[in-house]
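Here the structure comes first, spelled out in structure tokens, and everything after it is commentary.
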There are 2 protein chains.
Amino acid sequence: MTDRTENDGLGRRSGVALWRQIADRIRQDLAIWSAQDDARLPPETDLAARFDVNRHTVRAALAALAQEGLVRSERGKGTFVVRRPRIAYPIGRRTRFSTALEAQNSSGRILLLRQARVQADAVIAGALDLPVGSEVLMLDTRGLAGDTPITFATHWLDAARFADLPEHLARTGSITAALAACGVPDYERRSTVLEARRATAQEAAELDIGDGGLLMVARSLNVDMAGQPVQFSETRFAAERVEITIDPA
Amino acid sequence: MTDRTENDGLGRRSGVALWRQIADRIRQDLAIWSAQDDARLPPETDLAARFDVNRHTVRAALAALAQEGLVRSERGKGTFVVRRPRIAYPIGRRTRFSTALEAQNSSGRILLLRQARVQADAVIAGALDLPVGSEVLMLDTRGLAGDTPITFATHWLDAARFADLPEHLARTGSITAALAACGVPDYERRSTVLEARRATAQEAAELDIGDGGLLMVARSLNVDMAGQPVQFSETRFAAERVEITIDPA
DNA sequence: ACCAGTTATCTATACAAATAGACAACTATG
DNA sequence: CATAGTTGTCTATTTGTATAGATAACTGGT
């Protein structure tokens, strides 16, 4: 898009440190610089001038990005992009995690972190079309692209119908396969609601992003081919690593 | 009093001030408290204990929310929600701003803020299927629900084909109507890409959110019924005021 | 009238963030 | 080799953030 480089654009008494705002902005632009032959960022002095801050502030931002493994600085030479950040994640009627990533040469898998049996509150029960207080399975999972965490999700399913799902999920690393093993050969997405917010410390830790990193949160309901609700999920995407595309189909 | 190991999900050296993190978390929970009879928040001392911070830090967070007009504190009585729930914003093949809001009793309109003629860079030209360097119309708009800014968007259109669009848009307050007046009776959305990031100072000002507020950013392409690209847009949603729903259709 | 609960305001201290300037260490190039 | 350009490190100062404690002002109920 057109480069309307308002050299400022930073909030000064916003409760968000300048170095973090600058790190976020630079992260946005990594794709541009990584397209250069040498994947080199502008010198610290140039960046300081562009954002109208002290060079030390830029250095704090670059240090944060280096900590995330996105850039690497070399004395005397410059600072270079080492990893392009965002992965495209399509959401549509037939969204599946693994196929979403295979389209970009990333192998996707799901790690089962925790499981518990809880009583459905009004929201969960309503989504799954069960009586309030029904026993439901609550699963925490981490979605990986290669070795990079992409999603941290909590899923709720009818405990009676899907008692065996956790072991299948742990074995196969795929929700689609685990559901198939529980008698749901196919499913589709009925609804998705998206919002953006900051990560809590736990979410930041699970996703291996900096504290205060941004999330996109999707609450979605999958139904089987009979239209029966199967799985209600809250999926937290590390916003710095993903962009979500809406499938036209 | 401070056992800093368990602090309810707050990051301490994250470059995001605690008061801002707490303000964000409280903002998330306003819907819960606004559902109470008196729409009253817990006392400052309770909130301080819950987040494991000093009461003054909670006060800084509440002051920020009061500045946004979300809560009001009354000496001796407490702090109260002035209700402002999130607006659901559906995105799908036939997304239109006004119809999106009419479904929830809000009247939507578009305000034309600025217009300019610029040369298309590679991204814009590619999206609109024009030669690089073609003259394109660049429009900044604000989308309102009632009097509340919901979106701040930049649109690009072929300057040759849509020279008259700005005046129609300014007059009607509707992109659909303005396009119709320019010979595009109907259109549909070909692609949408979503990401989340922090607002720049300008974006925060246009959307009347606090500096450092969160955005959801949608880049979308609308095509006419012949499949010809008509309008490429970057729409910035105030994350605190909207949730985006993906249309199943 | 009194009291318990709540928000408002004040002082003080400690640490983080941002600024400023200077210089060292290293790289590439002529 | 000499020099320009770049990142790394150091000192110092100012402003923002967070903690701590004390006290005042106000509300609602007993």
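In what follows, chains are A, B, ... by sequence order, proteins preceding strands, each numbered from 1.
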Notebook entry, point to check: Counting only distance, no hydrogens or angles, is the base of D:dA18 paired donor-acceptor with the side chain of B:R55 under 3.5 Å?
Noted result: no
Notebook entry, point to check: Contact class for A:R40 (heavy atom, under 4.0 Å): base, sugar-phosphate, or nothing?
Noted result: sugar-phosphate
Note to self: Across nucleotides 25-30 of chain C, 5' to 3', mark each nucleotide with B, S or - according to how protein heavy atoms within less than 4.0 Å reach it.
What the structure shows: BBSS--
Checklist line | Residue met sooner reading DNA chain D from 5', once A:P42 and A:V16 are mapped to nucleotides | finding: A:P42
Notebook entry, point to check: Pick the nucleotide of DNA chain C nearest each of A:N54 and B:T79; which residue has the one closer to the 5' end?
Noted result: B:T79
Note to self: Could you work out, with side chain to side chain contact (heavy atoms under 4.5 Å, CB included) as the rule, every residue matching A:R75, not counting sequence neighbours?
What the structure shows: none
Next item on the list: Give, for atom OG1 of B:T141 and atom CZ of B:F152, the distance between the pair rounded to the nearest 0.5 Å.
Entry: 8.0 Å
Next item on the list: Looking only at side-chain atoms of A:H56, point me to the closest of D:dT7, C:dA20, D:dT6.
Entry: C:dA20
Note to self: Under a 3.5 Å threshold, yes or no: a donor from one side chain and an acceptor from the other, between A:T245 and A:E243?
What the structure shows: no
Checklist line | salt bridge (charged side-chain N to carboxylate O under 4.0 Å, His left out) partners of A:E195, counting only residues at least two apart | finding: A:R197, A:R219, B:R86
Check: Which residues within residues 57-66 of chain B lie with some heavy atom under 4.0 Å of an atom in DNA chain C?
Finding: B:R59
Check: Hey, is CD on B:E74 packed in by over 12 heavy atoms from elsewhere, all under 6.0 Å?
Finding: yes
Do NZ/NE/NH1/NH2 and the carboxylate oxygens of [X] and [Y] come within less than 4.0 Å?
| X | Y | answer |
| --- | --- | --- |
| A:R50 | A:D29 | yes |
| B:E206 | B:R236 | no |
| B:E203 | B:R198 | no |

Next item on the list: Please check if the side chain of B:T79 supplies one atom and the backbone of B:L41 the other of a donor-acceptor pair under 3.5 Å.
Entry: no
Item checked: Trace of the side-chain contact (heavy atoms from CB on, under 4.5 Å) decision for B:I26 with B:D24 -> CA-CA 5 Å; B:I26 292 177; B:D24 292 343; over 6 Å; no
Check: Can you list the residues that meet the side-chain hydrogen bond (donor to acceptor under 3.5 Å, both in side chains) rule with A:D38, with sequence neighbours excluded?
Finding: none
Margin query: Please report the end-to-end axis angle for the helix from C:dA1-D:dT30 to C:dG30-D:dC1, five pairs per end, rounded to 10 degrees.
Written below: 20°
